[in-house]
*Asks:* 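Following this message is one structure expressed as structure tokens.
Each ligand, and each atom within it, is numbered from 1 in the order the structure gives. Since this is a predicted model, take the numbers as computed values, not measurements.
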Amino acid sequence: MQVRDKLIVALDFNTAEAAAQMTDKLRGRAGMFKVGMEAFTSEGPMLARYLVDSGEKVFLDLKFLDIPNTVKGACRAAAKMGVTMLNIHALGGKKMMQAALEGAAEGASGDRSRPLVLAVTILTSLAAEDLEDLGIAGPPESAVLRLARMAQSEGLDGVVASAREVSALRKECGPDFVIVTPGIRPAGAAANDQSRTATPKAALDAGASYLVIGRPITGAPDPAAAAAAVLEEMQQSS
Ligand code: C5P
């Protein structure tokens, strides 16, 4: 795996055109592009299809959470679209996780393998008191580890987790578990609304498999140069 394969650029745009233009500036400098709720709700599957058809890998970040049958259908549709990675909420439970895996496998056809299915454990926006309101016992860190273990034992490929959680998760879930980490800020970059950030090198050193980076690259005056600088920083990871 080359270092650029580990870089996922978040295309948080409200038009497919703006996202596609950004992709064109970044071709060859990122291993994958993340299509999330804003772009998908604005434009539907058009952007993800465009990216797949133009040879790029896509992480469909729609965090599915519904009854198993509905999630199965959504994962089947995502796999048919040709995405490489998708995610669901671990809080949907074991049956929903199984259904997601089944749907993803059913939708993959030909020489295309099943997309990686990742779990979102506890949203990083939730603090201990929010979990208490929700009736989830214990500190957020233990809920994260508990849900990650559950996802792993149900056969999911990995989790999305903040840099703060990566090393504990890596220890808990072993070397092959995929850990995708957002909230990355290159040395010297603005934090924006992210509060617990890590540099690309620190996140990789802690054990992240992939980094998700949006605004530090897509909001830079020269996105290609910003991506190249991030790749340099990633390269320094031991
Ligand atoms: O622009 P920025 O680098 O902050 O973008 C990070 C991306 O990762 C966004 O698409 C955001 O939705 C996503 N994300 C996050 N924090 C999480 C989970 C996902 O920033 N805990």
*Asks:* Considering Ala189, Pro182, Gly214, Ser125, which one's heavy-atom position lies nearest to atom 16 (N) of ligand 1?
*Replies:*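 Minimum heavy-atom distance to atom 16 (N) of ligand 1 goes to Pro182.
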*Asks:* With side chain to side chain donor-acceptor pair (under 3.5 Å) as the criterion, how do Thr84 and Arg112 come out once you've worked through the C-alpha distance, each side chain's angles and the decisive distance to 0.1 Å?
*Replies:* CA-CA 9 Å; Thr84 297; Arg112 222 177 244 159; over 6 Å; no
*Asks:* Is Glu106 paired with Arg114 through a side-chain N to carboxylate O contact shorter than 4.0 Å?
*Replies:*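 A salt bridge is absent here (no side-chain N lies under 4.0 Å from a carboxylate O).
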*Asks:* Could you tell me the residue and atom name of the protein heavy atom closest to atom 21 (N) of ligand 1, and the distance to it rounded to 0.1 Å?
*Replies:*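 Answer, as residue, atom name and distance: Thr124 OG1, 2.6 Å.
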*Asks:* Does an N or O anywhere in Asp193 fall below 3.5 Å from an N or O of ligand 1?
*Replies:*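 No; the residue has no nitrogen or oxygen that sits under 3.5 Å from a nitrogen or oxygen of the ligand.
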*Asks:* Is Lys57 paired with Asp5 through a side-chain N to carboxylate O contact shorter than 4.0 Å?
*Replies:*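 Judged by the 4.0 Å cut-off on N to carboxylate O distance, Asp5 and Lys57 do not form a salt bridge.
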*Asks:* For atom 11 (C) of ligand 1, what's the nearest protein heavy-atom neighbour? Residue, atom name and distance, please.
*Replies:*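 Minimum-distance protein heavy atom for atom 11 (C) of ligand 1 reads Lys34 NZ, 4.2 Å.
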*Asks:* Going by atom types only, do Asp205 and Ser237 share a side-chain donor-acceptor pair under 3.5 Å?
*Replies:*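 Yes, a side-chain donor-acceptor pair sits under 3.5 Å.
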*Asks:* To check your reading of the model: name the closest protein heavy atom to atom 6 (C) of ligand 1, its residue, and the distance in Å.
*Replies:*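 Here the closest protein heavy atom is Gln194 NE2, 3.8 Å.
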*Asks:* Any atom of ligand 1 sitting under 4.0 Å from a heavy atom of Met37?
*Replies:*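 No, Met37 has no heavy atom closer than 4.0 Å to ligand 1.
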*Asks:* Tell me, please: is Asn192 in heavy-atom contact with ligand 1, that is, under 4.0 Å?
*Replies:*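 Asn192 does not count as a contact of ligand 1 under the 4.0 Å cut-off.
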*Asks:* In the protein, what heavy atom is nearest to atom 2 (P) of ligand 1, and what distance, to one decimal place, separates them?
*Replies:*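 That would be Arg185 NH2, 3.5 Å.
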*Asks:* If you count the atoms of ligand 1 from 1 in the order shown, which ones are under 4.0 Å from a heavy atom of Arg215?
*Replies:*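 By the 4.0 Å cutoff, the relevant atoms are 1 (O), 2 (P), 3 (O), 4 (O).
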*Asks:* Could you tell me whether the side chains of Ser54 and Arg27 share a donor-acceptor contact shorter than 3.5 Å?
*Replies:*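 On atom types as modelled, these side chains qualify, holding a pair under 3.5 Å.
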